[in-house]
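As structure tokens, the structure follows; a few thoughts come after it.
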Protein chains: 2
Amino acid sequence: MDLFVSKYINKIDKKGRVSLPSSFRNILPKANRNEIILYKSIKTPSIEGCGVGRLKEIAKRINNLDFFSEDYDDFSTSIFSEIITTNIDKEGRFLIPEELKLYASIKTEAAFFGQGHYFQIWDPKKGQKNTEDSRRRLLKEKKSLRMMLTQQK
Amino acid sequence: MDLFVSKYINKIDKKGRVSLPSSFRNILPKANRNEIILYKSIKTPSIEGCGVGRLKEIAKRINNLDFFSEDYDDFSTSIFSEIITTNIDKEGRFLIPEELKLYASIKTEAAFFGQGHYFQIWDPKKGQKNTEDSRRRLLKEKKSLRMMLTQQK
DNA sequence: TGGGATTATATGGGCGTCAATGGGTATGTG
DNA sequence: CACATACCCATTGACGCCCATATAATCCCA
């Protein structure tokens, strides 16, 4: 499996270290397995993260926006200038910068949410609520979620 | 046969392991025969499962949504973070995560129901009742189930 | 074709490995 | 020196891998 999936809640120790879930580590390419990038989510009070390889993909997405729109500047400023690279130690742990922890209200525990090609880090309670809210929004259009899951080919 | 069909009831041992019915295992592609994905059924208190190949199709579909839309986040949260991948050991057994067992009220036995391209895991009693209920609904709504079943071609 | 032999499946349990976590110490940078 | 971070080692519990058994299914040959 080469996608970030499932949810994990890990502890942040006194030194600020937290384990990246093992299944997430395995997705990172062997070449850059000891480095990830982190940035503030645009839409939610959470941190988003992924392997360094995905930077190119993000750049492409932003490039697809209208170059002269305000969104273009806003996205490229908020994402690129705020991206932080962080190293993973031999035990699979890394440090979440203070500023990002503040942004996501993360204190002693970090909830990792798989999002396919990237992942999100939430305060466990906030993350739980976000999951419920987003599920509720989708259920309003029940058909679309069901189709997404069961549609053939 | 490349469809999940029929019903099986297997025991969950002390370690939480349960055998995936052999006929279900044989449907998984040889390449990914030792891994399946599980998630909560949307409409019933049961667990749904299938091979990982299906997940990749879902990922592709989500990836085609507008990256900056709310729907994109809702789908990827509801799907990727709620999906669990689990490994199948050499004897054909796997672990059902505690959270999913709770959701489906599964304790010591798991009932596997083939559903074509996927399968469901129920508490045996609940699953039995669900089968009866859905048959009853069918009989009521379509006046003649017999016609449907006996109709040729 | 009957019945013993072989194989497959479901199940149980021992044990080594790995993941998550904690902490001590060295290195480094202001 | 004070603080931050990287490296090393230790602990615990969960999980994967291996081996064993019982029952069921299949095969094979006289």
Side-chain angles (χ1 to χ4, degrees), chain A residues 1 4-28 30 32-38 49 52 84-102 106-114 119 121-124 127, chain B residues 1 4-28 30 32-38 49 52 84-102 106-114 119 121-124 127:
Chain A
M1 177 54 54
F4 296 104
V5 296
S6 192
K7 184 185 107 175
Y8 306 87
I9 297 179
N10 288 343
K11 288 179 184 156
I12 299 177
D13 69 18
K14 284 185 255 178
K15 297 179 178 183
R17 296 174 299 187
V18 63
S19 289
L20 185 66
S22 141
S23 84
F24 285 15
R25 291 198 301 264
N26 291 332
I27 293 166
L28 304 175
K30 283 123 293 186
N32 294 82
R33 185 150 288 183
N34 53 357
E35 196 177 17
I36 54 173
I37 66 173
L38 300 174
V52 292
I84 288 161
T85 76
T86 182
N87 288 25
I88 298 179
D89 72 16
K90 291 196 173 147
E91 283 74 36
R93 294 174 290 193
F94 66 101
L95 295 170
I96 307 178
E98 212 45 52
E99 191 194 346
L100 294 186
K101 278 201 283 192
L102 270 176
I106 290 171
K107 287 155 297 181
T108 64
E109 286 189 319
F112 293 82
F113 289 81
F119 58 88
I121 312 174
W122 286 79
D123 163 70
Chain B
M1 174 57 63
F4 298 106
V5 295
S6 189
K7 181 185 116 176
Y8 306 87
I9 296 180
N10 288 343
K11 287 178 186 158
I12 298 176
D13 70 18
K14 283 185 257 178
K15 295 181 176 182
R17 297 174 299 188
V18 63
S19 289
L20 185 66
S22 141
S23 84
F24 286 14
R25 292 199 301 265
N26 291 332
I27 293 165
L28 304 174
K30 284 121 293 183
N32 295 84
R33 184 151 288 184
N34 54 356
E35 199 177 24
I36 55 172
I37 67 172
L38 302 173
V52 294
I84 284 150
T85 71
T86 183
N87 288 20
I88 299 180
D89 71 18
K90 291 197 175 148
E91 284 73 36
R93 294 172 291 192
F94 66 99
L95 294 171
I96 307 179
E98 213 45 52
E99 191 192 346
L100 294 187
K101 280 200 283 193
L102 270 176
I106 290 172
K107 287 154 297 180
T108 64
E109 286 189 321
F112 293 81
F113 291 83
F119 57 87
I121 312 175
W122 287 78
D123 164 70

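Remember, predicted model here, so these are calculated numbers, not experimental data. Just so it is clear: chains get the letters A, B, ... in the order the sequence lines come, proteins before strands, and each one is counted from 1.
- Whole-Å rounding puts the A:Glu35 CD to D:dT5 P distance at 16 Å.
- Taking the six-membered ring for Trp and the full ring otherwise, the centers of B:Phe24 and B:Phe4 sit less than 6.0 Å from each other.
- Look at CG on A:Leu20: it is 12 Å from P on C:dT21, rounded to the nearest Å.
- With axes fitted over five pairs at each extremity, the angle between the ends of the helix from C:dT1-D:dA30 to C:dG30-D:dC1 is 40° (10° resolution).
- Atoms OH (A:Tyr8) and P (C:dA20) sit 8 Å apart, rounded to a whole Å.
- Residues from residues 85-102 of chain A with heavy atoms under 4.0 angstrom of DNA chain D, sorted by number: A:Lys90, A:Glu91, A:Arg93, A:Leu95.
- For B:Thr86 (side chain) and B:Leu95 (main-chain N/O), a donor-acceptor pair under 3.5 Å exists by modelled atom type.
- Side-chain atoms of A:Arg33 come within 3.5 Å of backbone atoms of A:Arg25 as a donor-acceptor pair (strictly under, hydrogens ignored).
- Among the heavy atoms of the strands lying under 4.0 Å from A:Ser19 is at least one base atom, whether or not backbone atoms are also near.
- Using a 4.5 Å heavy-atom threshold, the side chains of A:Ile121 and A:Val18 count as separate.
- A heavy atom lying under 4.0 Å from DNA chain C marks the following residues of residues 9-17 of chain B, by number: B:Asn10, B:Lys11, B:Asp13, B:Lys14, B:Lys15, B:Arg17.
- Here the side chains of B:Ile27 and B:Phe119 are not in contact, with every heavy-atom distance at 4.5 Å or above.
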